[in-house]
Student: 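Sending over a structure as C-alpha cells; questions will come in a sec.
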Amino acid sequence: MENACPLCNREYTALNQHLRVSHLVKNIEERGKLVLLVSRRLNIRSEACPVQSCDAQKGTRLDRHFKRSHTELSDGAKTQMLDNLKRRLILGTLGALRASNPSVPMVSTLDLDEAAGLEEEKEVEEEEGEEGECQVTKLKAEVAKLKNQVRELNDGFELSQAYNRNLKRAYAKLKRSALKASKNSVIFGTADVLEYSLPQTSAEDEGSTDIPSGTILCPPFPDHILTLNTLLEEYKELQEGPHPDAKLRNNVQSKLHRIRNFLGWMSKGQSGLAKLKFLNDQKRLKGWVGYLVDCGMARTTSLHYLKNVRQFLVYVKETPPKTLCLGQKDLVMSDRYLKSVIKGWNRHVVQHQMSVKGRKDAIMHTVEELQKCRRLALLAIPKLLSKLEHLHTNSSLWKLQGYVAAYLASLYGHRLGVFINMTDLEVSEAVHGDKDDYLLKMTHHKTNEAFGTAKMLLNKEEYGWLLKLIALKTKCASTTKLSRFVFFNTTSGRNRNLTKYLQMVWSEMHLRGDVNFITLRTAVATFARDKHGEDSVQRKSMARLMCHDTAMADKHYTMDLSVEQARNGRLLFEQSQETTNSRTRPQTEVHDWLQRTTGTDGTTIRLTSSKAAGHTFTLSQQEDELLECYFCHVRAEATKRLTSEQGRFFVDCGANPLTNLYADLQRLRKKYLPQVPGAAVDETRRPPLLRDALHLHRTGQPANTACIPGQTVGQVFGGLSCLSAPPSKRLCVGAGFTAHRPLYRKWRNVQLLERTSYILRCCAWMGRSSRPANMQSGPYPLYFRAELAWASCPGLWGEKGKGVVATCPMDKGDVVCDYHGTLISQAEGRRREDSIYRFFFQELCIDASSRCDCHPEVDTYGRFLNHSRKRPNLKPKRFDLTFPDGPRPVLVFFAMQNIKVGEELLWDYGVTRTSFGGEGKDLAWLDM
Ligand SMILES: C[S@@+](CC[C@H](N)C(=O)[O-])C[C@H]1O[C@@H](n2cnc3c(N)ncnc32)[C@H](O)[C@@H]1O
C-alpha cells in the first residue's frame, strides 16, 4: 500500500492530517518523519553501500554505484535494499528525536520496535544459527497476524470515537435547549435530557420517532474508506473554488457535514463501500428522508440536507470515481426520488415562510415608531454630546452611540456591520454636497461584493454628530492607541455591543417591541416597497442606498400581501373589467399634483380620488417640467375665467376634466420624449405651442410667438383630445389616435358642455372682474370664487394641517372666496362647542365647523385658510348683501397683492400671543 499509514497501515491521502487527528501525533517533527517513512523522499546519495560484502566508501554516489557495480542483484532486490536503508535512516532520526526529549511528547514507537526487533533477531541468530531461519519465518507470520488484529481494533476504536463525537454534540445541543426551556420557565426535567441515548439505527427501525426534535444523529461517516475521503475532498475543492473566503468555507463545511451524515446513514452495515454501491439502496434512502422528518428538524434545514445531498449525487454521477460500481441509471433513480421529495417540501417551506412573515409583520415597527425614534433621538443626541464634553462617563457614551445608530438605522435601515465598521477616514472623506449635506460611503459591510459601498446622505447637523463622536475618542480611550472606528469601544476597537445600546435607548424612548438592526431594516425596506410599489424606481434607488437585495426579499415574501397591497390588486382587477367609459377612469386631482414627491429618479404622483386611491405613477424630470409648465400657465389660464372647478388636474379650456390621462400621458411620452431615458430631447419634435409654453415657464418671458393664455391643453400638447375645434384627421392620427369618429363625437360633447358653462357664467358672478356687490345678483349662493386647492399633506406645511394654495394667478384686489359657514350670533357662537373654525366679527359669528347645508358635497376653502401675521396675502372684509331670502352679512377675502400659482393663501387672524390675557402665549405661530 503506497500511502499506508505507518502506524495503522491504512491508506490515506491526507496522511499528515490523519496522523494528527486519528493518532494524535502532535509533534510536528515526528509527523514529518512518519510521512517521510511513507514517501521515502530521502537523499541517500552520500550513504554507505548497504550490501554487506561491498567495500565502497561512504560519499560516493550511492545511486550510481548501485546501478553500475551490483549487477549480481535483481532490480527488485536493489529497490528493496535501498528502501530498507531509507527506513533505517528515518527510524534512526526518530530515535535521535526521542533522545532529544522533545517538549511535545512523541506518540509513535516505531524506532523502539525496530530496535527491539533487531535485538531479538540478533539473539535468535546467535542462539539458533542456521536452523533458526524457519523459526524466523514463523515469527514473521505471527507478527503479521498480530498486526492485523491491531488494525481491526483500531477500526473499532475509530468507529466508537466517531459515535462519541456525535453523542457529545447531541448532548451539548440538548443541554442548550434544556437551558433555553428552563429560561422560558417551562418545566423540563434534566433527567429527560440526560437519559437520552443513541437511536437504534438498524434497518428495521430507521425512522424511529424517539429522537429528540431537531437532533440528527446518524451513524458515523466511514472515515477509513480512501475513495470516500478523496471524493469529499475533491467535492470540497470544487465548492470552495480558487479563493474561498471565510463565509464560503463555512458554508461548504456545513454542506460536507450534511453529506457525511447522509453517507454515514447509507453505508452503515454495508460492505464494499469504496464501490459506492450503497448509494443505490432506495429503501435506505427513503429511510433517511423519513428520518429527517422524524427527528423534528426545521423544514428549511432539512431542505438544505436534501438539496446538498442531491447536488452531491449529481456530482458523483457526472464525475464518477474510478472505483464506482453503479450504473448511471441507479444514480438517476436516487436523484429523481430526491427531486420529488424536494418539490413536495418546497411547498411546506413556502407556507412556513409565509407564516414567519405573518408573525414578523405582526411585530414589525410602524412608521410612527420610526418617526418617534428619530424625533426623540434628535433631542437626546445634542444633550448627550454636550454632557460628554464636560464629563465623560461610559454609560453616556454608549447611550450616545445607541441614539445615533437608532436615528440613522431607522432612516436608512443599514445593517449593524455598516455602523460598526464605519471608520473615521470614511467620515472625513465624505463628499460635501452643494446643499451643505454629506455623502458617506462605507466600504466594509456584508453585501459590498454585490452593492459596493453602503451610502448615507447626512445633513450638516447629523454629520456634525459623527465628527463630535470621533472627537470624543481622545477623552474616552483607555489605551494610547485610538480606535479608527466611529462607533468605538474603549480599547481601540469597534463597538460590537452596538445592538445592545440600540435596544437600551429604544426602551428608554418607550418604543414598542424588540429591536435590532435587522428589524429596523425590515421595516424600512417594507415601507419603501409598500409606499412606492414593488417595481418602482424609487424603491430601487432606496435599495441601492441601503444595499438591499429586493429580488431576494421578494422571492421569499411576495407571496404574501398586506391589506394595502391586496387593495391595490383589487383595484387592478376592477379596472381590467371596466368598460371604456371615461367616468370610471382614475382621476388626477390638483392636490395629488401638489403633493407629488420628487426624488433623484423622478417624480411620483399618488392618486387619492376614491376610484384610484393609492395608485401611483412616476414621471421623469422632463415630464415633470412639462406638466408643471402646464399647471402654471395652461391650466391656470384656462380655469381663471371660470366660477368653479372640480379640483381635476387635467382640464380643457372650459375647465372640463380630461379623463383619459393615462392614455394621453403614454402618447405624450411616445411622441415628444426621448425613448432612451437621459437622452436629449429633440425640441423640434415638440409642437410650437408647447415650445412657447416651456419658454415662458423657463424664462418668465413669453416667446415671440407665444399665445399660451387661453390655449387648451390639447392645443398646447398637440393633438390631444377635447379641442374646442374638431381636430383634423391628420392631427388625430399623428397624435396616436387611430379612429377619427370617436374624437369627433367627443368634440361635440365638449361643445355642449361649453354652452352650458357659458350660460352659467353669464348668470353667475365672474370671479376676477367682479365686485362683491355683483354677488347678490347671481342665482347661485356664494361659496368660492377662485381656483384653489387645499392639501391635507402634513409634509407640506408641517404642524399647520391643511391649508390653501393658489392654483391660478391673482391680482391685487381680486376677490378670492368667502368665509362660508352658518351665520349665528356671537353669543350663540360662544355657547357652541370649542372649534377652530369659528369666525367672530362684530356682534356676529360664522361657524364653519362642518360642511354647510347649502354645499354639503364640497369643502369650502375659507375655513382652511391659515394665519400669518407678518406676510398675509389676503384680507377679509364684511359686506352686507341682499340674497333672495333677504339681506345677510358676508365675509369676503381679497388679495392684498399679486399672488402666483402655488403660493399659500394666508390672512392675519388678528390675534397675538398676548391677546386675551396671554391665552395663546405658547403658540409661536401666532406671531409668525
Ligand atoms: C381656521 S383653521 C385653519 C385650517 C387648519 N390648518 C386645518 O387644518 O383645519 C385655524 C387653525 O389652523 C392652525 N393654524 C393656522 N395658521 C397656522 C400657522 N401659521 N401655523 C400653525 N398652525 C396654524 C391653528 O391650529 C388654528 O387654530
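Since this is a predicted model, take the numbers as computed values, not measurements. Both counts, for ligands and for their atoms, begin at 1 and track the order of listing.
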Student: Walk me through it: do Lys875 and Phe893 pass the test side-chain contact (heavy atoms from CB on, under 4.5 Å)?
Tutor: CA-CA 5 Å; Lys875 199 179 177 145; Phe893 287 101; over 6 Å; no
Student: Closer than 4.0 Å to some heavy atom of Phe864 - which atoms of ligand 1 meet that?
Tutor: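 Answer for ligand 1: 4 (C), 9 (O).
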Student: Quick one: does Arg512's side chain get under 4.5 Å of Glu369's, heavy atoms only?
Tutor: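 In short, these two side chains touch, coming nearer than 4.5 Å.
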Student: Does ligand 1 have a heavy atom under 4.0 Å from the side chain of Leu906, from its backbone, from both, or from neither?
Tutor: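 Neither; no heavy atom under 4.0 Å.
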Student: Can you tell me if Arg863 contacts ligand 1 (heavy atom of the residue under 4.0 Å from the ligand)?
Tutor: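 Checking ligand 1 against Arg863, which is what was asked, there is a heavy-atom contact under 4.0 Å.
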Student: Atoms of ligand 1 less than 4.0 Å from Ile836 heavy atoms?
Tutor: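 Those of ligand 1 that fall under 4.0 Å from Ile836 are 1 (C), 11 (C), 27 (O).
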Student: Ring centroid separation for Tyr407 and Trp465, is it under 6.0 angstrom?
Tutor: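 Distance test on ring centres: under 6.0 Å, yes.
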Student: Are Glu368 and Lys372 within salt-bridge range, i.e. N to O under 4.0 Å?
Tutor: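 Result for this pair is no, no salt bridge flagged.
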Student: Answer yes or no for Leu865: is there a heavy-atom contact with ligand 1 below 4.0 Å?
Tutor: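 Flag set, Leu865 near ligand 1.
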Student: Less than 3.5 Å between some nitrogen or oxygen of Asn866 and one of ligand 1, yes or no?
Tutor: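 Yes, Asn866 has an N/O under 3.5 Å of an N/O on ligand 1.
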Student: Donor-acceptor pair, Arg374 side chain versus Ser410 backbone, under 3.5 Å?
Tutor: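 Here the side-chain-to-backbone pair exists.
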Student: Ignoring angles and geometry beyond distance, decide whether His867 reaches within less than 3.5 Å of ligand 1 through its nitrogen or oxygen atoms.
Tutor: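 Indeed, backbone or side chain, His867 has an N or O that close.
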Student: Could you tell me which atoms of ligand 1, counted from 1 in the order shown, lie closer than 4.0 angstrom to a heavy atom of Tyr837?
Tutor: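 Close to Tyr837: 1 (C), 2 (S), 7 (C), 9 (O).
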Student: Would you check if the distance from the ring center of Trp907 to the ring center of Phe839 is below 6.0 Å?
Tutor: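 Yes; Phe839 has its ring centre under 6.0 Å from that of Trp907.
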